[in-house]
Structure formats: structure tokens, C-alpha cells
Colleague: 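Just dropping this structure here.
Residue numbers start from 1 in every chain, and the chains themselves are labelled A, B, ... in the order their sequence lines are given, proteins ahead of strands.
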Number of protein chains: 2
Amino acid sequence: MVTIAEVARQAGVSPSTVSYVLSRKRSISEDTRRRVEAAIDALGYHPHAGARALASNRSNILALMVPLRSDMYVPVIMEIAMAVTTEAREFDQDVLLLTKDEGTGGVRRIAGSGLADAMILMDVELDDDRIPVLRETSTPAVLIGLPADTAGLTCVDLDFDATGAACVDHLADLGHREIALIGESEGVYRRHTGFAARTMTGFQRRASERGLRAVHRMCEGTYESTAGVLARILEERPGTTGFIVQNEAAITPLLSLLRLSGRAVPEDTSVVAICPDQVALQSSPRLTSVSIPAEEMGRHAVRQAMSQLEGGHHPSVTLIPPLLTVRESSAAVPAS
Amino acid sequence: MVTIAEVARQAGVSPSTVSYVLSRKRSISEDTRRRVEAAIDALGYHPHAGARALASNRSNILALMVPLRSDMYVPVIMEIAMAVTTEAREFDQDVLLLTKDEGTGGVRRIAGSGLADAMILMDVELDDDRIPVLRETSTPAVLIGLPADTAGLTCVDLDFDATGAACVDHLADLGHREIALIGESEGVYRRHTGFAARTMTGFQRRASERGLRAVHRMCEGTYESTAGVLARILEERPGTTGFIVQNEAAITPLLSLLRLSGRAVPEDTSVVAICPDQVALQSSPRLTSVSIPAEEMGRHAVRQAMSQLEGGHHPSVTLIPPLLTVRESSAAVPAS
DNA sequence: GTGAAAGCGCTAACAA
DNA sequence: TTGTTAGCGCTTTCAC
């Protein structure tokens with residue numbers, strides 16, 4: 001191991017000078033800086049992470065807690081994780097991967113050991129038991145997703161309420177009068193993040209504002225359940241011409257089923273999805289959709305964490321406005 | 001922060017005794033152990049990670065380098081990452097997430113800073129530039145995937161050669177005489193891991209051993225390219241009744257195309273996939289497949305890393321034998 | 001603009 | 001079975 005002392009000797013300066021060259025916490029003469037830097041790359045010096053953490057009380061590590069398995073679409077989780085990791089490097093931070101199944105114990109362990117400077121939590125539940133633990137510790141934290149009570153917390157999420165409304169607007173603008181929201185599975189509504197409920201709220205409010213007939217149905221996402229949900233909707237409301245799908249797993253079944261029932265998309269029936277762009281693009285027809293801004297959420301979470309580390313705690317809730325992209329699955333309602 | 005000194009005071013022992021209770025590196029009287037443990041949870045003590053790393057020269061961190069974007073199916077990467085993280089906790093290790101785009105610099109940084117005790121690298125290329133760097137450092141490392149030269153390295157991967165052969169055997173046993181392997185995209189063969197080439201080798205060797213007519217075609221995985229590949233195969237070898245698909249992206253297009261061309265699966269044509277079980281199960285019909293043992297590879301990589309840390313360096317190449325599961329997409333060739 | 005030196009909290013000899 | 005103590009490599013006062 002190359003130590004700071006060796007670099008100092010090689011450069012003919014004291015260890016503290018090397019430290020200051022690295023931290024830029026005091027001014028160094030041009031000449032000294034050059035010699036130190038030369039010594040650093042000549043020796044291939046990297047500061048010892050543990051020693052630095054001990055002395056400075058900063059580990060330069062961000063802990064990211066991800067769901068082991070969740071209702072979230074796996075590629076979205078991955079995209080967030082990669083965005084967090086990439087953005088963290090911009091701040092000279094590394095990322096420690098924790099699984100949500102470590103639960104509150106994991107949060108205590110990280111906070112207590114000084115292993116990480118801050119935490120980013122994914123898959124936040126409405127009444128998440130990690131939150132009280134977070135409140136006890138003074139470790140900066142950012143939640144991706146909204147709990148029921150956000151007081152004192154820093155959170156980022158897609159604005160699902162506005163997302164529901166935006167989908168309704170799009171269909172209403174196209175002339176649709178009867179629409180349906182195919183939502184997540186029952187379990188998601190019961191346990192989870194509330195994003196599903198928020199979508200539904202926005203959907204219903206905007207539908208009523210624009211005078212549309214709207215139904216909302218939960219859906220497990222299997223072929224069979226999607227078939228059942230679709231059948232019930234069309235039975236109750238045979239005039240339904242617009243569908244909004246929140247459950248990615250239900251997208252492919254829904255498209256097949258509509259085709260089978262002789263409804264052409266988008267000629268007879270329009271479909272709007274709430275899903276990652278990737279999914280919207282690989283469907284056939286390509287879907288009009290509100291995308292899940294995974295990368296943006298990840299980057300934002302890191303920036304929030306860093307600003308807490310540097311500037312202190314300023315709780316904030318950031319709701320990213322939905323971006324609806326019109327593709328091939330939605331069109332004006334046929335003049336009947 | 002609770003320190004070991006506070007715990008020691010509370011328990012009426014010396015700091016080193018607390019340390020030894022934690023590390024179990026020497027025997028402690030039952031009574032002392034109890035008092036120390038009581039003090040530990042009373043105070044909520046967690047050893048400071050940096051201090052421990054500095055003093056013991058062990059960070060208790062495993063670095064995992066994952067591809068930012070790759071030809072690998074994203075859920076497989078995720079499953080490996082989760083398996084690594086979960087298994088690492090069994091050894092009291094945490095996982096640091098690095099992206100492959102940090103390249104050799106990332107490897108040097110981790111090795112040089114003592115941030116991690118060992119590294120696990122995914123998405124290993126045939127002539128991976130991280131390998132020489134790994135050889136310079138003494139940091140234990142495990143590769144998931146096989147480079148061209150494995151001398152002195154520890155690697156884990158699915159035995160793709162045997163996989164190709166197993167798929168051929170399955171189709172041959174069912175009476176198929178003309179078969180085709182729809183492989184990965186050209187880029188994968190050129191740049192990459194060699195897993196595609198190894199599959200092909202096993203496929204061709206076994207086909208020749210069993211006297212089958214066999215063709216292999218690369219495929220980009222889009223609908224259009226799959227259509228082109230299929231058309232060419234059927235033109236050259238109209239008698240082809242068995243397909244092996246290695247490119248997950250090509251699976252859905254292939255099934256649709258076969259249906260469109262009036263070939264029923266499995267009545268007229270059999271399809272065997274090399275893909276995660278999840279993909280095989282959600283296709284319709286469910287696919288006979290060799291699964292990608294993501295979890296097993298992740299767990300194995302961690303165990304190898306730990307055994308290097310504890311017992312020294314014993315290079316080894318572990319090829320996981322393929323497991324072919326018969327589902328609904330393969331059947332005996334029709335008596336013509 | 002630079003250096004000397006006192007810790008940071010822990011581990012692991014060495015001593016008893 | 002337990003305690004004392006010397007570092008681990010770095011940051012950061014304090015001093016010049």
C-alpha cells in the first residue's frame with residue numbers, strides 16, 4: 001500500500017501538504033502542487049478509504065437500499081441504481097448496495113457504523129417502518145417514493161396524481177367519453193407506495209372535471225386476470241374507448257385481448273400506458289405513454305443527499321411532472 | 001457516535017475485551033460476554049467501519065462491477081446483484097456497486113484505496129482490459145463470465161458449450177433432424193464474453209456427433225432482423241423443425257413469426273430457449289429452456305471471493321452445468 | 001505557503 | 001481469562 005507519507009517523501013513535502021493538495025482546503029504554490037501530483041501518479045497513490053473516513057468523519061459512500069423483489073418493474077430499479085451510481089461518482093462518492101429486506105436493522109447498522117454518509121431508499125411504503133429509524137438518526141436520507149407523512153423528509157417521485165390527470169386529458173382531447181384505468185394489483189394498493197392510489201385520484205378528479213365516464217379496476221397483471229378485468233369493464237361500460245394502463249405486466253395481455261375482441265388499436269380503442277419508455281417502444285403498436293423518469297429520480301436523489309451533506313437538512317418533496325409522449329396507440333375516437 | 005470505549009466502560013471491561021467479544025478471536029468468560037453484549041445493545045453500538053478497516057486492514061466490503069448497459073438481459077444482472085448482496089451479508093460483508101464504465105481506473109481505485117476486500121466483475125469480455133490490472137494488484141477477484149485466458153483467475157459461468165450440446169440432444173431425442181441456432185447479435189460475438197461462441201461450438205459439435213443438419217445464424221433481436229433470419233433459414237433448410245434461441249429479445253418475435261407462417265409450436269416446430277426461467281414461463285407457449293443460473297452464479301462468486309480472502313488464492317474455473325427444463329414448446333417431430 | 005503533531009476508533013500484539 | 005498499548009493512514013488544528 002502506498003501511503004501519504006511515501007508520497008510526501010517523494011515530493012519532498014510534509015504529509016499534511018499532500019493532504020491539502022488533495023482536499024484543496026488551503027492554497028498551495030504551483031510548484032509544490034506539481035511535485036505532489038507527480039509523486040501521486042508516479043506511485044499510483046490512492047488515499048486509504050478507512051483512514052480517511054476515520055479522520056474526516058466522512059466515508060464518501062452513499063447507501064442505496066433497493067427492494068429485493070417488488071411490484072416495481074425490475075429494469076426501472078436497475079436504471080435508478082445505475083443513475084445513482086453514476087451521479088454519485090460526480091461527487092466523488094461510491095454507492096453501497098443494501099437490500100430492503102435488511103429493514104430497520106440495516107438502516108441502524110449503516111447510520112451507527114458511519115459506513116455511509118447518507119442513505120437513499122427505494123420502494124418506500126406509505127407507512128414505512130424505516131422512516132422512524134431514519135428520524136432518530138441524523139444520517140441524511142432521501143426517499144424515492146412518497147410515504148403517507150412526509151414531514152421533515154426529503155422525497156422524490158413522479159407526480160402520479162398529475163400523471164393520472166394527464167392521461168385523462170389526452171384521451172378527452174381525442175374525444176373519448178368513456179375511459180377506464182387498469183391499475184396495479186390489490187397488494188400494491190394495500191401495502192404499498194401509494195403511487196397507485198395517487199394515479200387513481202388524479203384520474204378520477206380530472207375525469208369528473210372533464211365530464212367523462214370513468215372506471216378504475218385493479219389488475220394482477222396475468223393474462224387471465226387482465227382478461228377478467230377487461231371483460232367486466234366492457235360488460236359494464238360497452239362504450240369504453242380509452243384505456244389507461246398502470247400495470248406494465250398487463251400491457252401485453254391487454255393488447256392481445258383487444259385484438260382478439262376485434263377492437264383495433266388505435267382505430268377503435270386508444271391505450272395510454274404509464275411505463276418506462278423502453279416498454280412503450282417495444283410494444284406493437286408503440287404506446288402513447290407517460291414515462292417513469294427513473295434516471296432523473298436517481299440523479300435527483302443523489303443531488304439532494306449531497307446538498308443535505310453540505311448545506312444541512314432542508315426537507316423537500318419533489319414531484320416530477322409527467323411527460324406524456326404520443327405514439328401509435330392513441331387516436332381520435334371514431335365518429336360513430 | 002457510540003464508541004468501543006463507552007461500551008467498555010458500561011460493561012466494566014477494557015476496550016480490547018469488547019473487541020474480542022465481537023471478533024470471537026479469543027475466549028471470553030460467559031459472564032463477561034453477557035455484560036458486554038448487554039452494553040452493546042443498551043447503547044446501540046456499531047463498530048465504526050472506517051476505524052475497523054484501518055486497524056484490521058479489512059473493509060468488509062466486496063466491490064461488484066456491473067455493466068451500465070449490456071447485451072445481457074437486465075433482470076439477469078439484477079438477479080446476480082441481489083444474490084451477491086444477500087450472500088455477502090452471510091459473511092458480514094457489504095457490497096459496493098461500481099459501473100463497468102469506470103473501467104481499469106475503477107479497479108485501480110478500489111484496489112489502491114482498500115475500499116473493498118475483493119472484487120466481483122460482471123460482463124467480462126474475452127480480452128478484458130481490467131484483467132491485467134487485476135493481475136498487478138493482489139486484490140482477490142472473481143469473474144462472472146470467461147475471458148479468453150483464464151490462467152490464474154477465478155471465474156464462474158454457465159457452461160455454455162454444454163448448454164448448446166444439451167439443446168441439440170433434446171431436439172435430437174425428439175427426432176428432429178434439421179435444427180437451427182438463432183444466436184446473439186454480431187456485436188456480441190465480436191466484442192464480447194465468448195458465451196455466444198461457446199454455445200455455438202457445443203451446438204455444432206453435438207449436432208455433428210448425432211448426425212443432425214445444423215445451421216447457426218446471428219440475430220440482432222429486433223422483429224425485423226428475426227424475420228430476416230428466420231426467412232433465410234427456412235429458405236436454405238425448409239426441413240428445419242427445431243430452433244434453439246439464445247437471444248432473449250428474439251424469442252417473442254420468433255414465436256409470432258412461426259405462428260404467422262402457419263407453423264404450430266410445438267406440433268410442427270420445436271423451440272428451445274436459453275434464457276432466464278422467468279422469460280420461459282411468461283412466453284406462450286411456455287418454453288422448454290436452459291435457464292441462466294443468475295442466483296447461483298452470484299452466490300458462488302461471493303463464496304469464491306471469501307475463500308480467497310480466507311484461504312489464499314486458488315485459481316479456479318467453475319462452469320455450472322446446464323439444466324434443461326422441458327415445457328410446452330418442444331415435442332416429437334411429426335411423423336411425416 | 002508549509003510543517004509538526006494530536007487524534008479519529010479500532011485491532012492485535014504483548015503482558016499479566 | 002483479561003488489560004495495556006502501539007499503531008493503522010489520514011485530517012486538521014496550531015504554529016511558524
Colleague: Got a sec? Which of residues 22-33 of chain B come in under 4.0 Å of DNA chain D, heavy atoms?
Modeller: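 Close to the strand are B:Arg26, B:Ser27, B:Ile28, B:Ser29, B:Thr32.
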
Colleague: Provide, to the nearest angstrom, the distance between the CE atom belonging to A:Met1 and the C1' atom belonging to D:dC8.
Modeller: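 Result: 11 Å.
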
Colleague: Can you tell me whether the side chain of B:Ser16 and the base of D:dT4 have a donor-acceptor pair closer than 3.5 Å?
Modeller: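 Checked by distance alone, the answer is yes.
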
Colleague: Roughly, in whole Å, what's the span from NE2 in A:His48 to P in D:dT11?
Modeller: 12 Å

Colleague: A quick test of your reading: do over 12 heavy atoms of other residues, nucleotides or ligands sit less than 6.0 Å from CZ of A:Arg69?
Modeller: no

Colleague: Could you state the CG-C1' distance from B:Leu54 to C:dC8, rounded to the nearest angstrom?
Modeller: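 Between C1' of C:dC8 and CG of B:Leu54: 9 Å.
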
Colleague: For DNA chain D, whose closest nucleotide is more 5', that of B:Pro15 or that of A:Ile4?
Modeller: B:Pro15

Colleague: Is A:Ser19 close enough to D:dT11 that one of its side-chain N or O atoms is under 4.0 Å from OP1 or OP2 there?
Modeller: yes

Colleague: In whole angstrom, give the distance that lies between atom CZ of B:Arg58 and atom P of C:dC10.
Modeller: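 Result: 18 Å.
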
Colleague: For B:Arg34 and D:dT2, what is the distance between atoms CZ and P respectively, to the nearest whole Å?
Modeller: 12 Å

Colleague: Would you mind classifying the nucleic acid contact of A:Thr3 as base, sugar-phosphate or nothing, using non-hydrogen atoms under 4.0 angstrom?
Modeller: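 Sugar-phosphate, backbone atoms only, no base.
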
Colleague: Is there side-chain contact between B:His46 and B:Val2, with at least one heavy-atom pair below 4.5 Å?
Modeller: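 In short, these two side chains do not touch, never coming nearer than 4.5 Å.
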
Colleague: Taking B:His313 for the side chain and B:Gly152 for the main chain, is one N or O donor matched with an acceptor at less than 3.5 Å?
Modeller: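 Yes; judged by distance alone, with no hydrogens or angles, the pair exists.
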
Colleague: Can you tell me the distance, in whole Å, between the CZ atom of A:Arg9 and the P atom of C:dA4?
Modeller: 14 Å

Colleague: Step by step, would you call B:Leu143 with B:Val156 a side chain to side chain contact (heavy atoms under 4.5 Å, CB included)?
Modeller: CA-CA 6 Å; B:Leu143 313 190; B:Val156 202; over 6 Å; no

Colleague: Given B:Arg303, which of B:Glu296, B:Glu87, B:Glu90, B:Glu310 fulfils the salt bridge (charged side-chain N to carboxylate O under 4.0 Å, His left out) condition?
Modeller: B:Glu87

Colleague: Give the rounded distance in Å between these two atoms: CG of A:Leu43 and P of D:dG9.
Modeller: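 It is 15 Å, rounded to the nearest whole Å.
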
Colleague: Write down the distance between OH (A:Tyr20) and P (D:dA15), rounded to a whole number of angstrom.
Modeller: 14 Å

Colleague: Is there a side-chain contact between A:Ile110 and A:Met65 (heavy atoms, below 4.5 Å)?
Modeller: no

Colleague: Looking at B:Asp94 and A:Arg109, is any side-chain nitrogen of the basic one under 4.0 Å from a carboxylate oxygen of the acidic one?
Modeller: yes

Colleague: Which part of the nucleic acid does A:Ser56 contact within heavy-atom distance under 4.0 Å: base, sugar-phosphate only, or nothing?
Modeller: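 Sugar-phosphate: the residue A:Ser56, judged by heavy atoms under 4.0 Å, touches backbone atoms but no base.
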
